[in-house]
Q: 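Questions regarding the structure given below will be posed in turn.
The chains referred to below are lettered A, B, ... by the order of the sequence lines, with proteins before strands, and numbering in each begins at 1. Computed from heavy atoms alone, side chains included, the values below leave out hydrogens, waters and symmetry copies. Treat the numbers as computed from the prediction; the structure is a model and nothing was measured.
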Amino acid sequence: MEIGIDVGSTGIKIVFVVPGKSGNPDQVVWKIVMPTKPGQSALVNDLIQQGLTAIGESPSGIEKTCVTGYGRKLIQSTNHVVDEIWANAAGITYLTRGRARTLINVGGQDVKIIKLTESGQVTDFKMNDKCAAGTGRFFEIAANILDTPLDDFHTKDIEPVNINSICAVFAESEIVSLLAKGVNKFSIIKGINNAVARRIAALAGNGILDGDVYIDGGPANNKGLVESLEDQLLCDIKVVEEPQFTVALGSLYVD
Amino acid sequence: MVESLRLFCQHISFLIMIYGGRLGIRLGNSLPCFTCPYVSGCAGHCYLMVLQRSSVGFQTAFDIFFSGAVFNILWPFAVFLLFFIPLSKLWCSWICPFCLVQDWISLVRKKFYIREMILTRKTRNNIKPVKYILLVLLITIPLAIANFNLHSDWALPFCQICPGKPILPLFQGNWSYFHINYTNGITMAFSFLSMVITGGMLVGMFFRERFFCMFCPMLALMHLLKAISPVRFEKKIHTCTGCGNCERSCPVDIPDVHLEKVKKNVLTQDCMGCMSCVEACPADHTLTFKWFGFRLFSSSRSYLSRKWSQK
Amino acid sequence: MTQPEINPRLLRLQLKTREQIKKETCDQAAKIKNRDDYIKALDPFLESLALSLFPKKFIEKAVIAPVMTMCIQAPMELFSAAGLPVFKLACGSHAAGNLAPLQFPALTCPMIKSLAGLLDPQSGLDLTRQRFVIPTTCDWVVKFSELTGLYGKADIHFMELPHLRENERSSRRWLEEIQALKSWLEKAGQGKITPKALHAAIQCHAKAFELFARLIELKRSQLMPAIHFALIANAFAYQDINFWKDNVRNYIDNLKPMENTLAPVLLIGSPIVFPNYKLLHLMENAGMAVAADDICSLERIFPGAVTFEDKSEYALLRALAERNHKACTCPTFADNERRINGIFNILEKEQIKGIIFHVLKGCHPYEMESGMLETQLKKKGYRFLKIETDYVKEDEQNIVTRLEAFRRTLGS
């Protein structure tokens with residue numbers, strides 16, 4: 001059994017994978033996502049223990065542990081440490097059987113656009129810096145104020161409002177004032193989706209997207225965002241199942 | 001160092017060209033450099049003189065061009081090519097004795113810390129056609145003598161005004177070409193012009209390196225023929241940062257090597273193959289002299305840093 | 001002149017900042033001294049650089065008052081010939097920026113900001129008695145003296161840098177600037193600069209250039225660490241030329257052999273100045289060696305070679321002028337498209353596949369060039385990574401992630 005750990009900025013993701021024998025595909029036997037808290041190392045160990053109990057395995061059954069993500073350097077008890085960009089590329093390549101050429105990862109604190117080859121080799125990537133605008137964090141703040149779970153951020157035909165603030169923190173107060181004005185909640189949600197999509201499109205510029213474009217990371221579950229992104233980037237964007245686990249899974253497939 | 005090698009080569013060839021005849025060296029009448037026939041005891045003759053002469057050059061009636069006698073003209077040209085092809089314009093900076101004389105004069109200027117006279121690119125562009133005009137004249141005037149009854153004292157028009165004629169014989173102790181020939185109006189005009197040009201050139205050569213070479217019809221002739229020679233001067237366009245060292249160190253300040261951004265070939269009409277630009281180029285393998293594809297000398301940063309810390 | 005009364009809060013800020021600068025310097029020095037490849041021969045460079053962050057002390061220690069200069073366009077040979085030492089205005093201290101005057105825009109080039117802090121008028125350094133030589137390179141440098149309030153008070157000699165390099169008019173104008181600098185230095189220094197003295201200075205620097213070329217070769221074949229190279233290159237601007245040469249020779253003689261296991265990359269972009277070696281350390285940790293660079297505070301401290309036709313004053317000044325103008329590939333030039341050629345030259349010669357472009361936030365000229373270079377380099381199949389950062393340490397984690405991923409794209 002192999003364990004892939006993604007210690008992200010907002011969430012810790014862990015997957016347990018049993019390698020498939022004689023040509024059968026590998027199987028994900030257990031997975032979990034938890035918000036990141038102080039004491040990541042202990043938390044990760046607890047979670048692994050939890051997983052082992054859940055599937056009735058003993059620690060001796062662990063063949064390989066890979067860790068990636070922002071907190072990767074904090075976890076000692078692992079044998080492979082990889083950066084999340086390559087882990088992400090490997091994960092999406094595994095899941096799409098090498099079809100993905102461009103990957104947009106919307107993480108908790110950053111956005112990455114990765115160009116990759118059929119075998120999962122990264123050829124180019126872009127990543128936002130310090131600022132959290134256009135990231136998962138932005139959605140979390142918004143979900144909190146709007147009191148709407150992220151899964152319901154999918155909006156139908158409705159006229160979006162314009163969110164003017166680029167900064168996640170300023171947008172927060174803008175949303176509050178929009179709500180106070182009595183603007184429809186879903187109109188605001190669509191506005192938020194558009195704002196984030198614009199940020200990502202700005203990062204992408206006009207050169208990096210080609211081939212099959214995929215999106216992953218927690219916010220990829222938000223279909224509204226994907227639609228807005230398709231609108232902004234003028235291309236079809238595919239979402240893998242359970243997009244928040246791609247990186248954790250991929251950490252196992254980086255050579 | 002290439003510069004000292006070149007100077008050494010020039011001095012040896014100067015001795016051979018000017019005094020070699022006394023040792024029995026005979027290189028013929030078709031040399032592609034200023035081995036002046038007026039120097040008695042020289043090792044060979046400048047091809048420009050042959051070009052202007054009767055029966056072997058262009059002082060020839062038109063009907064002869066269409067007879068077998070044209071062979072007399074083609075033969076020296078073939079010999080000229082034989083000399084020219086292997087070295088192309090390297091003849092100028094490495095062998096030509098008149099070039100060395102100019103370098104000596106420049107050396108005197110340098111010893112006195114006197115700055116060089118700088119011509120603008122525009123002026124230099126205006127001077128460029130002069131050498132071709134001279135080349136055309138030194139062919140058409142003899143033709144006119146033979147066919148249109150031009151006075152025979154117009155013979156050897158270029159030699160009569162060439163500053164090599166009075167200057168080079170000085171090295172065998174012969175001052176006699178510094179004179180005015182009072183025979184008739186034409187000779188007077190020619191000899192007067194010769195003195196003016198020689199005087200002007202001497203002043204020019206003192207204040208500017210290779211001043212005469214800017215006007216040299218031999219250079220024009222060689223440039224027209226450069227394609228048939230295996231000597232190439234090439235520039236790797238995509239590694240030149242445009243530092244301008246080549247233009248500054250060029251004795252005739254050719255800007256083209258520095259400014260060229262498209263063509264590989266940078267052997268321009270005024271280039272005389274002295275290679276000082278290659279010596280001053282800091283970009284590795286960016287300027288290269290090639291001979292049949294074989295690298296004669298290529299620029300390198302380490303060569304440059306070594307050379308200039310000793311200069 | 002009576003000192004104006006200082007606001008007590010400002011006084012505390014000054015003290016605190018000075019403490020922070022000291023700490024920054026010590027931290028960086030300690031970091032370098034704790035490395036396995038540290039050798040004692042690096043100490044003179046470290047000492048000069050540490051002193052460079054305290055201009056008052058630096059000036060007090062100097063026998064002859066140094067002239068402060070910015071950028072690399074004012075030829076060092078001329079200062080040498082005039083017998084005047086130089087204090088290079090370049091600073092990599094984050095803390096120093098805290099003292100920058102209020103009138104600075106929010107997004108200021110970090111180097112300009114820390115310089116302003118370094119030259120804080122309350123530091124006890126009488127700036128009105130200082131002499132400056134400022135070539136007008138980027139907008140920050142152009143406005144520097146006004147922003148810091150030096151304009152009109154200190155003795156500033158501006159050199160108007162023509163932003164074109166390939167036409168004759170600008171070359172002529174720049175040569176005039178160099179001639180003017182010479183006259184200015186003759187007044188400021190010990191009298192007439194003879195062609196002989198100038199030639200001697202040029203020769204002295206040519207030897208330094210030769211030594212530096214050796215250092216570059218050592219670094220490119222990864223026989224010396226990039227951090228050492230950065231120290232030596234940075235210290236060049238603060239040491240007497242002969243002292244520097246001795247130190248470099250001593251360094252080369254004592255250099256320990258090292259194993260090279262790092263992937264070579266080319267670092268280009270905004271200047272990297274002591275003690276801001278953040279990127280250098282991070283790159284090394286991510287498994288990459290700065291085998292070559294095209295940075296004006298590192299390999300390009302000599303923008304090119306001085307070659308001259310004769311030793312007349314005109315020829316020597318022209319050689320210096322063109323070396324610091326035509327040969328310089330500063331992004332502030334309008335006809336700088338051939339800058340990429342120098343980069344290709346290095347990439348080809350050293351077989352380097354990856355380029356990291358360092359942009360200091362607020363350094364617009366480099367920012368503008370980065371995109372153009374990126375397109376051209378990627379077209380040729382090179383890997384390219386742009387790192388936009390400033391002197392702060394908080395973004396290290398983000399940079400590390402990029403660097404590690406980039407390292408992997410280079411293959412083994």
Q: Could you tell me the separation between the CD1 atom of C:Ile343 and the NE2 atom of B:His238, rounded to the nearest 0.5 Å?
A: 12.5 Å
Q: Taking the basic N atoms (NZ, or NE/NH1/NH2) and the acidic carboxylate oxygens, is any pair closer than 4.0 Å for C:Asp310 and B:Arg109?
A: yes
Q: Could you walk me through whether B:Ile118 and C:Arg172 satisfy the side-chain contact (heavy atoms from CB on, under 4.5 Å) test, starting with their C-alpha distance in whole Å, then the side-chain angles of each, then the deciding distance to 0.1 Å, before giving a yes or no?
A: CA-CA 11 Å; B:Ile118 300 296; C:Arg172 218 165 20 230; over 6 Å; no
Q: Might you work through the side-chain contact (heavy atoms from CB on, under 4.5 Å) test for C:Lys326 and B:Glu247, ending with a clear yes or no?
A: CA-CA 11 Å; C:Lys326 273 187 183 165; B:Glu247 179 177 351; 4.0 Å; yes
Q: Looking at C:Ser171, C:Ala206, C:Ser312, which makes the most heavy-atom pairs under 4.5 Å with chain B?
A: C:Ser312
Q: Tell me, side chain or backbone of B:Arg301 under 4.5 Å from chain C's heavy atoms, or both, or neither?
A: side chain
Q: At a heavy-atom separation under 4.5 Å, does C:Ala305 approach chain B through its side chain, its backbone, both, or neither?
A: both
Q: What about the rings of B:Trp308 and C:Phe308, do their centers lie closer together than 6.0 Å?
A: yes
Q: What are the residues of residues 162-169 of chain C, in order of number, with any heavy atom under 4.5 angstrom from a heavy atom of chain B?
A: C:Arg165, C:Glu166, C:Asn167, C:Glu168
Q: Contact part of B:Lys261 toward chain C, heavy-atom cut-off under 4.5 Å: side chain, backbone, both or neither?
A: side chain
Q: Mind checking the CZ-SG spacing from C:Phe344 to B:Cys240? Nearest 0.5 Å is all I need.
A: 13.5 Å
Q: Who among B:Pro282, B:Gly244, B:Gly242 has the most heavy-atom pairs with chain C under 4.5 Å?
A: B:Gly242
Q: In terms of heavy-atom proximity below 4.5 Å to chain C, should B:His258 be classed as side chain, backbone, both, or neither?
A: both
Q: Are a donor atom and an acceptor atom from the side chains of C:Glu210 and B:Ser309 found within less than 3.5 Å of each other?
A: yes
Q: Looking only at heavy atoms and a cut-off of under 4.5 Å, which of B:Glu279, B:Lys122, B:Lys110 has the most pairs with chain C?
A: B:Lys110
Q: Select one option (side chain, backbone, both, neither) describing which atoms of B:Thr120 are under 4.5 Å from chain C's heavy atoms.
A: both
Q: What part of C:Lys311 is in contact with chain B, defined as an atom under 4.5 angstrom from a non-hydrogen atom: side chain, backbone, both or neither?
A: both
Q: Hey, could you give me the CD1/OG1 distance between C:Ile346 and B:Thr239, rounded to the nearest 0.5 Å?
A: 11.0 Å
Q: Between B:Lys236 and C:Glu348, does any NZ, NE, NH1 or NH2 come within less than 4.0 Å of an OD or OE carboxylate oxygen?
A: yes
Q: At what distance, to the nearest 0.5 angstrom, does CG of C:Asn345 lie from CG of B:Asp284?
A: 6.0 Å
Q: Considering only heavy atoms, which portion of B:Leu304 lies under 4.5 Å from any heavy atom of chain C: side chain, backbone, both, or neither?
A: side chain
Q: Should the pair B:Arg248-C:Glu322 be classified as a salt bridge under the 4.0 Å nitrogen-to-oxygen rule?
A: yes
Q: For the candidates B:Ser249, B:Pro255, B:Ser302, which exhibits the highest count of non-hydrogen atom pairs separated by less than 4.5 Å from chain C?
A: B:Ser249
Q: Applying side-chain contact (heavy atoms from CB on, under 4.5 Å), run through B:Glu116 and C:Glu309 and close with a yes or a no.
A: CA-CA 9 Å; B:Glu116 191 182 11; C:Glu309 270 188 299; 2.8 Å; yes
Q: Supply the atom-to-atom distance C:Arg214 CZ to B:Ser305 OG, rounded to the nearest 0.5 angstrom.
A: 10.5 Å
Q: With rounding to the nearest 0.5 angstrom, report the CD1 to CZ distance, B:Ile237 to C:Arg338.
A: 8.0 Å
Q: Which bit of C:Ala319 comes within less than 4.5 Å of chain B, counting heavy atoms only: side chain, backbone, both or neither?
A: both
Q: Heavy-atom cut-off 4.5 Å, strictly under: side chain, backbone, both or neither for C:His199 against chain B?
A: side chain
